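Below: one structure in structure tokens.
Position 1 is the first residue of the sequence, and the numbers go up from there. Whatever order the structure lists ligands and atoms in, that order sets their numbers, starting from 1. Note that the structure is predicted; figures quoted are calculated from it, not measured.
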Amino acid sequence: MSSTRLLGKRALITGASSGIGRAIAIRFAREGASVAINYRSQPDEAEITRQHAVAAAQEAGHKDFKAIVIGADVADEAQIKKMFEEAISGLGGIDILINNAGIQKCAESDQIDIADYDRVMNVNLRGTFICAREALRHFLAREYKGVIVNNSSVHEIIPKPLYLPYSISKGGMENLTRTLGLEYAGRGIRVNAVGPGAIVTPINNAWINDTGKSAEVCSHIPMGRPGGADEIAGVFAFLASDEASYITGQTLFACGGLTLFPEFRTGWSS
Ligand code: NAD
């Protein structure tokens, strides 16, 4: 799919060395944005993302395109600040922040190790906030009508037993998105989120590589299949673009119907 709706924009994407973040970087490049590709621990994978982004931009015929790679742990405020400095100097500014980095850890809630709890919250929610704050400071200082899009989840609204910190972090992301959306709407800055369902990325290797588990996952999804990372990247591109110029504070669920109470498909309750 080709479009130039992000032409000339500059985007920083966290956690872009794999999965949805990689797909966003490539999609944004194809749609005309320059991209800063953040990674935490896999520089080689981030470089692969960069090469794909460059190829996508070239294929689409975009000239003044830049793609840079920046290492930083979004759980660390000092590293986030340095990442913003590098992204702003490397791209000449940032118009779009994509808060994509996220992790999950599985445990029964009565057995959760507090270090695991803190790590998930620090990456998924605290990191998202600090990145958003840095982006807002940059937008306000330069009077940019910037855009922030957070990668949330269907678990923003659907409880996820065995993944309590993940559930809490994505639930918190709803009010992070709504509050920032409201607070900065008057200054032309939009803040939205995407809520993916079950998407084929490394975070889901536990069921992707297991035929039986994959079939079970599909059986719970009204559309009968998991989503592709590029299907989610397209939603990010829409929300980051001027096509979404009147949308702020919203989470757009892209989940094959998972948020529609699938258990009620058969009308068993009446
Ligand atoms: P993924 O594991 O491929 O991607 C997560 C990315 O975040 C990785 O590149 C990882 O290196 C990066 N990351 C982790 N900790 C980091 C840190 N401290 N600093 C910087 N980067 C860090 O999985 P994904 O599915 O592409 O996940 C991306 C986002 O999508 C996550 O926020 C996840 O919660 C969300 N999401 C995924 C699904 C799904 O089914 N795949 C569904 C809903 C939401």
Side-chain angles (χ1 to χ4, degrees), residues 12-27 36-50 69-84 86-87 97-106 116 118-131 149-158 160 163 165-174 176-177 193-209 213-214 217-218 220-221 225-233 235-236 251-256 258-259:
L12 168 60
I13 303 147
T14 67
S17 56
S18 66
I20 296 171
R22 170 177 284 172
I24 292 169
I26 297 166
R27 169 64 79 111
I37 295 156
N38 160 249
Y39 70 92
R40 186 183 62 84
S41 59
Q42 296 180 297
D44 296 350
E45 292 298 319
E47 175 56 23
I48 290 171
T49 301
R50 195 190 70 79
V69 163
I70 306 173
D73 180 343
V74 302
D76 183 312
E77 183 182 16
Q79 291 188 38
I80 290 174
K81 287 189 166 183
K82 195 159 165 290
M83 171 175 75
F84 271 81
E86 286 180 37
L97 166 67
I98 304 297
N99 273 314
N100 168 74
I103 55 170
Q104 60 182 9
K105 288 182 188 290
C106 182
D116 286 346
D118 287 345
R119 182 69 190 163
V120 173
M121 294 298 283
N122 286 343
V123 173
N124 294 11
L125 194 53
R126 182 173 173 276
T128 294
F129 159 65
I130 299 172
C131 289
V149 190
N150 299 322
N151 201 343
S152 185
S153 167
V154 290
H155 298 296
E156 183 177 295
I157 56 170
I158 301 174
K160 191 173 186 187
Y163 293 85
Y166 187 83
S167 269
I168 297 172
S169 71
K170 299 300 184 177
M173 204 176 259
E174 178 180 21
L176 176 67
T177 302
V194 177
I199 311 302
V200 179
T201 72
I203 211 172
N204 287 326
N205 277 345
W207 58 260
I208 288 166
N209 299 325
K213 283 186 187 160
S214 277
V217 168
C218 293
H220 292 291
I221 303 169
R225 65 170 180 87
D230 195 51
E231 290 180 285
I232 302 304
V235 185
F236 275 90
T251 298
L252 182 42
F253 291 102
C255 62
L258 263 181
T259 51

Within the protein, residues bringing a heavy atom under 4.0 Å of ligand 1, chain by chain: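 Shell around ligand 1 (4.0 Å, heavy atoms): Gly15, Ser17, Ser18, Gly19, Ile20, Asn38, Arg40, Ala72, Asp73, Val74, Asn100, Ala101, Gly102, Ile103, Arg119, Val123, Asn151, Ser152, Ser153, Tyr166, Lys170, Pro196, Gly197, Ala198, Ile199, Thr201, Pro202, Ile203, Asn204.
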In chain order, what residues pass the side-chain hydrogen bond (donor to acceptor under 3.5 Å, both in side chains) check against Thr14, with sequence neighbours excluded? none
State, yes or no, whether a side-chain contact exists between Tyr163 and Val120 at a heavy-atom distance under 4.5 Å.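 Not in contact.
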Any residue meeting side-chain contact (heavy atoms from CB on, under 4.5 Å) with Asn209, in chain and number order, not counting sequence neighbours: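 So Asn209 forms a side-chain contact (heavy atoms from CB on, under 4.5 Å) with Asn205.
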Can you name the side-chain contact (heavy atoms from CB on, under 4.5 Å) partners of Gln79, sequence neighbours left out? Ala72, Asp73, Asp76
Does Thr201 reach the side chain of Ser18, with side-chain heavy atoms less than 4.5 Å apart?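 Sidechains of Ser18 and Thr201: no contact.
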Please report the C-alpha distance between Phe84 and Ile130 in whole Å, then the side-chain angles of each, then the deciding distance to 0.1 Å, and finally whether the side chain to side chain contact (heavy atoms under 4.5 Å, CB included) criterion is met. CA-CA 11 Å; Phe84 271 81; Ile130 299 172; over 6 Å; no
